[in-house]
Amino acid sequence: MNIFRLTGDLSHLAAIIILLLKIWKSRSCAGISGKSQILFALVFTTRYLDLFTSFISLYNTCMKLIYIGCAYATVYLIYAKFRATYDGNHDSFRVEFLVVPVGGLSVLINHDFSPLEILWTFSIYLESVAILPQLFMISKTGEAETITTHYLFCLGLYRALYLFNWIWRFYFEGFFDMIAIVAGVVQTVLYCDFFYLYVTKVLKGKKLSLPA
Amino acid sequence: VIGRTRKDEL
């Protein structure tokens, strides 16, 4: 555990909590892509199956349970409790265009051709693109609430910090995982455009709105 | 060690 890894995890946790609180406090999920949230729930479910097979640390187990629990709670709020506020018409990204290629790729390129390993690989690949329905929704409506942009920033920051964590681990521990690194780079790159808008607009007190 | 960092990462 290094400082990048810890702050990355905390940033990830902050993102998840921000989104849950935003929906809960405003009693609305307007502007939030339910499809992205379903994909994240799928990511955590397929990655953390090792909860049943191996114990790493209390920290590790607790965080996994919190991530999974929050992911399903978010999906529940969007599709059940506050369904009336869900903006399905604007959440029109075709997720099969992500899930099918990612599924194929995880079968083709993995560390070991075993069920748990393929599911872990699937979750890594899927996580890297799971935010696309949300970004698509924002580009379609042309704007995002400020709290939603804080959520996206924390979520992007998390993977960027993990990149530094992997650099650290490579130099000091000799560890590296090519699948995680390549997917992590892809994931971080997808946020770059958003990071630019966040810094130039939101941090200067303006609402994030895209030119028509 | 290649490809074994994930066991302790989230």
Side-chain angles (χ1 to χ4, degrees), chain A residues 1-2 4-6 8-13 16 43-44 47-51 53-68 109-112 116-117 119-121 123-124 127 158-159 161-162 165-170 172-184, chain B:
Chain A
M1 179 71 81
N2 55 64
F4 300 114
R5 164 71 205 286
L6 182 62
D9 285 350
L10 294 179
S11 177
H12 196 184
L13 186 63
I16 292 169
V43 163
F44 291 137
R47 185 175 310 168
Y48 297 156
L49 288 172
D50 65 353
L51 276 171
T53 61
S54 55
F55 177 80
I56 290 125
S57 66
L58 193 59
Y59 170 84
N60 191 281
T61 301
C62 288
M63 292 295 260
K64 283 174 176 172
L65 291 175
I66 292 170
Y67 287 176
I68 293 178
I109 303 177
N110 51 55
H111 291 309
D112 180 31
L116 266 185
E117 192 64 32
L119 285 172
W120 176 86
T121 311
S123 84
I124 292 289
E127 184 188 348
Y158 137 69
R159 221 45 175 174
L161 286 165
Y162 255 70
N165 159 55
W166 290 323
I167 292 169
W168 178 284
R169 294 195 73 168
F170 178 71
F172 293 102
E173 299 168 33
F175 275 114
F176 78 102
D177 184 326
M178 203 42 93
I179 286 177
I181 291 171
V182 171
Chain B
V1 186
I2 298 172
R4 285 285 171 262
T5 60
R6 64 191 170 281
K7 295 304 172 197
D8 61 331
E9 287 183 350
L10 301 162

(request) Apply side chain to side chain contact (heavy atoms under 4.5 Å, CB included) to A:F170 and list each qualifying residue two or more places apart in sequence or on a separate chain. (result)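 With sequence neighbours excluded, A:F170 shows a side chain to side chain contact (heavy atoms under 4.5 Å, CB included) to A:F176, given in chain and number order.
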(message) Test of understanding: with side chain to side chain contact (heavy atoms under 4.5 Å, CB included), list the residues that count as partners of A:L119, not counting sequence neighbours.
(response)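 A:L119 satisfies side chain to side chain contact (heavy atoms under 4.5 Å, CB included) with A:T46, A:L49 only.
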(message) At a 4.5 Å cut-off on heavy atoms, which part of A:F44 comes close to chain B: side chain, backbone, both, or neither?
(response)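 A:F44 has no heavy atom closer than 4.5 Å to chain B.
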(request) Answer yes if the side chains of A:N60 and B:E9 hold a donor-acceptor pair under 3.5 Å, and no otherwise. (result)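 Judged by distance alone, the side chains do not pair up.
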(request) Take B:L10 and A:R5 through the test side chain to side chain contact (heavy atoms under 4.5 Å, CB included) and record every step on the way to the result. (result) CA-CA 9 Å; B:L10 301 162; A:R5 164 71 205 286; 3.9 Å; yes
(request) Identify which of A:Y67, A:Y162, A:Y59 forms the greatest number of heavy-atom pairs closer than 4.5 Å to chain B. (result)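 Most heavy-atom pairs under 4.5 Å with chain B: A:Y162.
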